[in-house]
Amino acid sequence: MPEPTAVRGSAELAPKLEHELQLYYWMKLIRAFEERVSRLHRQNKILGGVYSGAGQEAIVTGICAPLEPGDFVAPIHRDMGVFIMRGVEPGRLMAQLMGKETGLSRGKDSFLHGGDLEHLVFGSTSMLGSSLPVAVGAALKFRMKKEKNVAVAFFGEGAASRGDVHEAMNFAGVHKLAVLFVCENNRYAYSTPLEKQMAIENVADRAPAYGFKGYVCSGNDLLAVLELSERVIARVRGGEGPALIECKTYRYRGHSEHDAALYRDKEELIEWQSRDPIPRFEYYLEKKGHDIKRIREQVDERTRDEVQQAVDFAESSPLPEPQEALEDIYAPSGAPTSGNPSTNGAR
Amino acid sequence: MESTYIKAINSALHEEMRRDENVFVMGEDVAELGGAFKATEGLLEAFGEERVIDTPISEALIVGAGIGAAVLGMRPVVEMQFADFISCAFDQIVNMAATLRYRHGGKASCPLVIRAPSGAGVHGALFHSQNPEAWFTRVPGLKVVAPATAYDAKGILKSAIRDGNPIVYFEHKRLYRSIKEDLPEGDFTVPIGVAELRKEGADLSVITYGGTLGQCIDAARIVEKEDGLSVEVLDLRTLLPLDRDAILATARKTGKVLIVHEDRLTGGIGGEVSAIITENAFEYLDGPVRRVAALDAHVAFSPPLEEFILPNTNKIVDAIRSLAAY
């Protein structure tokens with residue numbers, strides 16, 4: 001579990017439920033945040049591309065929950081939840097989306113291209129799949145420094161077709177590095193359906209060709225993702241080499257907010273929405289005898305407040321000064337790279 | 001101690017790895033073989049396989065993994081076996097490494113050195129002769145260096161390893177064993193971003209870097225002896241960022257500038273140097289800024305073809321004489 005700074009909202013909830021309710025809270029916060037982002041985009045309050053991960057919250061939540069503070073995570077464009085779960089302030093994320101000075105990249109880029117290495121979240125680029133070699137390099141550092149940390153790289157089934165993904169997996173396999181590759185297979189690379197992307201059924205089927213195990217699970221079932229990730233991350237951390245987890249899922253919205261996704265069958269969307277990870281987890285909690293109605297109200301209220309605070313923070317934050325466009329290009333000459341975190345586990 | 005250019009690179013790597021345990025090298029055949037050109041010879045024996053890593057043929061991985069290690073505080077020196085192969089890692093260098101600090105709001109650094117053996121004249125033909133430096137000299141966030149002497153090869157590599165930014169280090173293959181110098185014992189560095197005046201002169205300036213420096217100095221000596229011309233030779237050493245002050249100082253001093261590089265003419269760094277001069281020192285000029293560079297062809301294999309394409313001392317001598325007579 002992440003350190004207390006990354007845990008929000010649990011204090012008000014029953015202590016004996018803490019872990020499961022924490023997971024529920026995270027999924028709800030991520031959903032609430034992304035839904036608000038979509039709305040803000042429609043209101044023209046957020047410019048540029050907005051790539052919603054709505055429908056895919058169980059993956060980020062289930063994969064990140066077992067991670068430790070010194071672990072390195074490279075999310076992709078639908079993984080807003082990674083930032084939230086690693087302890088990045090939602091207000092800074094919202095400020096990032098609005099191009100504000102207080103955003104992760106101080107207005108330099110939009111959406112998830114701003115990283116936060118203080119929380120060991122690596123900012124992605126739009127060249128999908130190119131973060132995988134970087135995560136492999138992070139794992140190489142863990143190996144060289146004898147640190148028991150794990151590097152996690154998210155990618156989509158679309159990016160799985162890229163050479164960088166192959167190069168990264170091959171090298172990680174050769175050197176048995178502590179990397180967990182997480183494929184969020186949401187069936188569409190922008191408009192291109194799975195059948196036109198690959199001739200096999202599962203991305204995970206490729207893992208044995210690299211010398212490690214691939215696993216497939218339902219990405220809409222938090223418990224399934226979590227059960228698998230806890231087990232696999234423990235093995236990766238224990239020195240058994242890399243692994244690939246493929247989570248089958250579906251994105252509710254288009255590739256980005258300006259994409260109406262007319263290339264998809266409406267019934268397909270409805271069918272996947274019937275497998276929504278949030279009600280599914282609520283059903284589980286209810287079956288365990290919890291008062292889900294009360295919990296939902298409590299969590300909804302809290303996430304609504306937190307998202308509103310994030311919006312307020314972002315909206316009241318200043319835009320950067322024009323000349324700041326020329327800042328942050330180079331590290332100061334000769335200066336040590338003190339901005340980079342140590343991952344000796346003591347953070 | 002007498003050292004070749006390649007030996008200077010090798011000793012810089014040995015010394016930096018000894019000095020800082022975060023420095024490591026990675027690339028194709030860099031470990032047991034000691035590199036295709038022996039730049040990494042002896043490193044495996046001295047530092048072990050954890051810090052001297054043979055990779056598969058995976059340039060994107062080599063650079064990308066270097067980036068991942070660098071952002072966590074390591075100081076990777078990765079090798080593109082031939083500079084020609086750097087195209088396979090273009091995205092990792094240009095999009096991933098160069099933008100890294102910018103998109104992290106200045107709260108991250110990428111202290112990564114990418115060594116790239118470049119250049120022609122060794123019968124390497126189309127895919128083992130290229131000078132791809134210009135592709136990288138217009139990318140903010142990167143630094144691009146091209147040492148021309150053994151001293152600089154060592155001193156600039158040490159500076160690059162200690163720098164906090166991603167640096168593409170072009171080392172010219174033809175220089176590896178063709179030049180030798182006495183290098184001082186012990187640690188020394190050469191600053192990045194500072195050009196070096198290799199020869200003072202009054203009549204005309206030649207601005208160059210890397211593999212053509214020796215040709216330019218030879219040409220300067222020839223015209224000095226045969227034509228009585230006094231030629232100044234400026235070695236840029238760093239191509240990004242350019243030492244604008246040094247470029248403008250020599251242009252203002254002599255009033256005539258010839259730019260020489262082995263990279264091809266169109267889109268080469270010579271065009272940028274020329275623009276800097278004409279924009280800022282036009283009133284000092286006594287003639288057009290001219291360039292000698294490789295012709296706009298691929299570097300062909302057969303000797304008459306390759307020689308026709310590449311700059312050489314004779315072509316530089318002719319250009320100096322023509323410009324001096326303008």
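Just so we're on the same page: letters track the sequence lines, and every chain starts at 1.
- The two residues T125(A) and N95(B) have their closest heavy-atom pair at CG2-O, 3.8 Å.
- Heavy atoms of V121(A) lying under 4.5 Å from chain B belong exclusively to its backbone.
- Taking every heavy atom of both residues into account, G141(B) and I329(A) meet most closely at N-CG2, 3.2 Å.
- Around atom CG of L319(A), more than 12 heavy atoms belonging to other residues, nucleotides or ligands sit under 6.0 Å away.
- Side-chain N or O atoms of Y102(B) include none that pairs as donor or acceptor with a backbone N or O of D109(A) at under 3.5 Å.
- Pairing each heavy atom of K141(A) with each of L72(B), the nearest pair is CE-O, 3.3 Å.
- Using a 4.5 Å heavy-atom cutoff, the side chains of T55(B) and E167(A) are not in contact.
- Side-chain contact check for P56(B) versus F171(A): some heavy-atom pair is nearer than 4.5 Å.
- In this structure the side chain of S130(A) reaches within 4.5 angstrom of the side chain of Q92(B), judged on heavy atoms.
- Only the side chain of N170(A) comes within less than 4.5 Å of a heavy atom of chain B; its backbone N, CA, C and O stay farther away.
- Atom OG1 of T99(B) and atom CE of M127(A) lie 7.5 Å apart (nearest 0.5 Å).
- Side chains of D164(A) and L61(B) form no contact here, defined as non-hydrogen atoms less than 4.5 Å apart.
- Atoms CZ and NE2, on R103(B) and H113(A) in that order, are 8.0 Å from each other to the nearest 0.5 Å.
- Checked for salt-bridge contact, K145(A) and E21(B) meet the test: a charged N lies under 4.0 Å from a carboxylate O.
- Looking at A153(A), neither its backbone nor its side chain comes within 4.5 Å of chain B, counting heavy atoms on both sides.
- Looking at D54(B), only its backbone comes within 4.5 Å of chain A, counting heavy atoms on both sides.
- Between M26(B) and L140(A), the shortest heavy-atom contact is SD-CD2, 3.7 Å.
- Looking only at heavy-atom pairs under 4.5 Å with chain B, the residue among G114(A), G123(A), S126(A) that has the most is G123(A).
- H175(A) touches chain B through its side chain: at least one heavy atom from C-beta onward sits under 4.5 Å away, while N, CA, C and O do not.
- Around CD of E49(B), the count of heavy atoms belonging to other residues, nucleotides or ligands within 6.0 Å does not exceed 12.
- Without hydrogens or angle criteria, H104(B) side chain to S105(A) main chain gives no donor-acceptor distance under 3.5 Å.
- For E327(A), the part sitting under 4.5 Å from any heavy atom of chain B is the backbone (N, CA, C, O) and nothing else.
- Residue F122(A) touches chain B through both its backbone and its side chain, counting heavy-atom pairs closer than 4.5 Å.
- Interface residue V139(B): only backbone heavy atoms are found under 4.5 Å from chain A.
- The parts of S131(A) that come within reach of chain B are both its backbone and its side chain, each placing non-hydrogen atoms under 4.5 angstrom from that chain.
- If you tally non-hydrogen atom pairs under 4.5 Å between each of E324(A), Q96(A), R143(A), K108(A) and chain B, the highest count goes to K108(A).
- Closest approach of G164(B) to A331(A), counting heavy atoms only: O-CB, 3.6 Å.
- The distance from the CG atom of L117(A) to the NZ atom of K107(B) is 11.0 Å, given to the nearest 0.5 Å.
- Distance CG/L142(B) to OH/Y330(A): 6.5 Å, rounded to 0.5 Å.
- Atom CZ of F127(B) has 12 or fewer neighbouring heavy atoms from other residues, nucleotides or ligands inside a 6.0 Å radius.
- By the neighbour-count criterion of 12 heavy atoms within 6.0 Å, atom CZ of R19(B) is densely surrounded, having more than that number from other residues, nucleotides or ligands.
- Ranked by heavy-atom pairs under 4.5 Å with chain A, the list V63(B), D91(B), I67(B), I62(B) is led by D91(B).
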